[in-house]
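Just so it is clear, the structure is predicted and the values come from calculations on it, not from any experiment. Here is the naming used below: chain letters follow the sequence lines, and residue numbers restart at 1 for every chain.
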Amino acid sequence: MRHQSGWIQRLLQAGSGQGGMLSGLLMAAGLLSLPALAFGADVSPAAATEYRDIPYIGSRNLVWIVAQLHLLLAGFVLGVPIFAWLCEVVAWKTGEKRYDKLAKEFTKLLTSAYATTALFGGILLFLLISFYPKLMNYLTDIFFPSFIVYCLLFLVETATLYLYWYGWDAMQDGGKKTFHIFLGFLLNFFAFFIMIVPNSWATFQASPVVLAEGSDIARAWAATWNPTWWPVNIHRLIANVVLGGYICGAYAGIRYLSARSTEERDHYDWMGYVGNFIGVFGLLPLPFAGYWLMREIYQYNQQMGITLMGGFLSWLFILQAMLIGVLFLGSNYYFWLGITYRIPGSELKYRKPMLSMLIILLLCLGVWMTPHSLVASLEEARKMGGTHHPLLGVFGVMSAKMTVANLMILVTFMSFIMYWRAGKQETATWAKVARSIMGGVLVLAGIAVIILGVWGYFVPAIIRINYFSTSQVLIVLFVMLTITPLTALLLKSAKTTTDMVWGKMPPRAGYALVLNAIMVILLMTLMGYARSSSRVHWHVYGVLRDSSQYAFSPALGYAAAFMALNTFCFCMIVAFIFWVATMSDKAKASHG
Amino acid sequence: MGGSLLKPVILIGIVYAILKFIVPNIPGSAPLPSSLIFLYLMLTTSGIVIFATLSGESKDAFWGPIQRFLTGENIGGLQVLRYAVLLLFPLIVGWQTYSSTATSDAPPAENRTIHPAPPGEYTGLSNPVSKTPDAIQQGKGFYAAFCSPCHGGNFDGKGPAARGFNPPPANFSDPTTIAMLQESYLFWRIKKGGVGLPIEGMPWKSAMPRWEVELPDEWIWKIIMGEYDGAHQSPRTWE
């Protein structure tokens, strides 16, 4: 092991204070004599440097910040095209121009966000090569074929983005529009591969598959297709949609709060609704993807699984529950405010259902946030007989958490359905039957999810994981796939009793949108730390040990401070991108 | 104060009373730690604020009296109370901050992880003993001899010696204990005992003996089989 930590500090320290001048002269003399080293050819070569450090902040912390910011920006850059493309398709299919305008508004952000993401990626790469040469040598040795693939993907993605953005106005009609939509599809297609290739490098570090023999491509392919690669790919893809949606919502929220004209208020109110809708649309399947990922991690390695879910890092999942809970509450709150303010006269009709939904959400959140091991004083622990509460301790395990997560998803889905139906009167002759079917499906699904959750305590873990939890997910999906088309059919012939009024939402709706975006960013920083820390003292789990001075897991409070810092920095960067991207529009508007 | 404020206050009081006085008295329950009560009360308060601000009227009915009280607008004789609140609130926050950071002789809050991660060398192990009725029976016999004094003849953590320990011996019939774990995990725990726990498991708090000095590995594996069978639980497996 060889470190170069500290030489920069010593150099800097030598340059300050009273002996600064003397030290400076000595340094200059030393630098001048460097060529003399070339004559020392018979001296044995120095051992390869394994780590380097940087004063004050430390190499690990710097990499932590840059990597997290790069990841968040990447999430934004990969999530927004999905969002924009979906909006463009809706505009193309329905003829509603405002969707096209929204798609264009967000694609405009992509060009500057794309460059910023690449910039952070470059900085991260340089930092990793500088600080962790041993690790980077190892990873390069295994993954260099995919490095080349990654570069090629970047080239085609960049070219597609330029065509997509600069060709927007030129490709508005007929076949050209179809081609533009196809370009949007290609943009997302390449972006997906840009996401999954680096995912293979990161997941390899957690669940490595190392072939001792074979060609370079065979070794790279085996390492790429590691046990956690696809769970992470799917989880990140959905999370990117959520991030893109909620950031769009936050942007709309801020613009709504600062809007000066009625048109602006209308437009940004509507944009906030679309952003929240897409965020919720992604949020609903996200817990399933997370569950699958954790299952794969636990199955891959018991130590890593328990470190994450039962050991040192399990507290992160209580924080996660809190953040997801706020996100669910925030999203539902926004829907409910929408019913109250955008559909005048609906408040009284829906107040009771809203209260019921709120109570269910809070009860579920209470269960989700209850830890298995409780924080207790010595006296309290004595009274409980340890840190595990004999009654409420049952809420601390996965059977309870999965059940309440599914119920919260059901409630949020029903909030959306309620919003969709508000202000309309169903005229179909079969409306009553349809409503009864929907109500029955919902109630039965809720009961089934709870029964499976309780039953889960009395069956072997593998039955619960493979069959009960999966059944709970399928039940919720069944509800969505039954009620959504049924509602759509019902509303097709429905009479609008109250027109939707845009631009009337109170300021707290805008703040709720901003809060949701911050929660998502915090969540991503939290789980970034969890994913990285689950490897404990390994660069590549079980294969390449971390022998640097930072081979320890940072304390949770320390980590929380970095999560907050990263969230703040990311918000500032995004705010800067938005500001730069909209500068010319504002100038045009002010000139007339 | 408006009536709209009274209901939330009563609701919070009821929730607090349930958590503090009713839940602990349910058979098989115990008092809740203040951290959990605080968490649930925060949730209740969030719910109240969310519901009260769903419409302009309800928001004004809820927030209006608070705003009027804090700004002193037409509150008549409540001015003295207002000044008292404005003075006391920062003082209470300051006191709370001080008392949570000041040096104290009280022991710190316990943050013990009950199931910490096992060392790497144990994670890949599987039970080498065939699961036959004889082996299970033998395991139960070893369990009765070595484990039951603490963990109980009924596998419920209520052995004759259990009352002397804090934290108490694990209750294997509870579905949140051994049913969540793989056999290799139990092998590690039995073999290394309390002293083999990592720091987050607080090795100084567990009285579990280090059975590797007394029992051969084969006996330990049999005990594990006997434990699962006797407690009517199954180990976590992936197939």
Fill in: B:Ile26 versus chain A, the contacting section by heavy-atom distance below 4.5 Å
side chain
Practice prompt. Go through the atoms of B:Phe51 and report whether side chain, backbone, both or neither lie under 4.5 Å from a heavy atom of chain A.
Written response: both
Fill in: Any donor-acceptor pair under 3.5 Å from A:Gln302 side chain to B:Pro118 backbone
no
Worksheet, complete the sentence: Under 4.5 Å to a heavy atom of chain B? For A:Ile463 that would be neither
Worksheet entry | Region of A:His389 that comes under 4.5 Å of a non-hydrogen atom in chain B | side chain
Worksheet item: Is it the side chain or the backbone of A:Arg464 that comes within 4.5 Å of chain B heavy atoms, both, or neither?
Response: side chain
Discussion item. Please classify the contact of A:Leu365 with chain B as side chain, backbone, both or neither, using a heavy-atom distance under 4.5 Å.
Written reply: both
Item to complete: Please flag which part of A:Leu313 lies under 4.5 Å from any non-hydrogen atom of chain B: side chain, backbone, both or neither.
Response: neither
Worksheet entry | chain B neighbours within residues 338-349 of chain A, where any heavy atom lies under 4.5 Å away | A:Thr340, A:Tyr341, A:Glu347
Discussion item. Checking side-chain polar atoms at under 3.5 Å, does A:Tyr457 have a donor or acceptor matched by the opposite partner on B:Thr176?
Written reply: no
Item to complete: Give the intermediate values and the outcome of side-chain contact (heavy atoms from CB on, under 4.5 Å) for residues A:Ile306 and B:Leu181.
Response: CA-CA 9 Å; A:Ile306 295 181; B:Leu181 303 164; 4.3 Å; yes
Worksheet entry | Under 4.5 Å from a heavy atom of chain B, the part of A:Arg382 involved | both
Worksheet item: Under a 4.5 Å heavy-atom cutoff, which of B:Gly47, B:Ser55, B:Gly28 has the most pairs with chain A?
Response: B:Ser55
Worksheet item: Which bit of A:Met322 comes within less than 4.5 Å of chain B, counting heavy atoms only: side chain, backbone, both or neither?
Response: side chain
Worksheet item: Given side chains that start at C-beta, do those of B:Ser58 and A:Arg351 come closer than 4.5 Å, heavy atoms only?
Response: yes
Practice prompt. With chain A as the partner chain, list the residues of residues 148-172 of chain B whose heavy atoms fall under 4.5 Å from it, by residue number, and write 'none' if nothing qualifies.
Written response: B:Asn166, B:Pro167, B:Pro168
Worksheet item: With a 4.5 angstrom heavy-atom cut-off, which part of B:Leu43 approaches chain A: side chain, backbone, both or neither?
Response: both
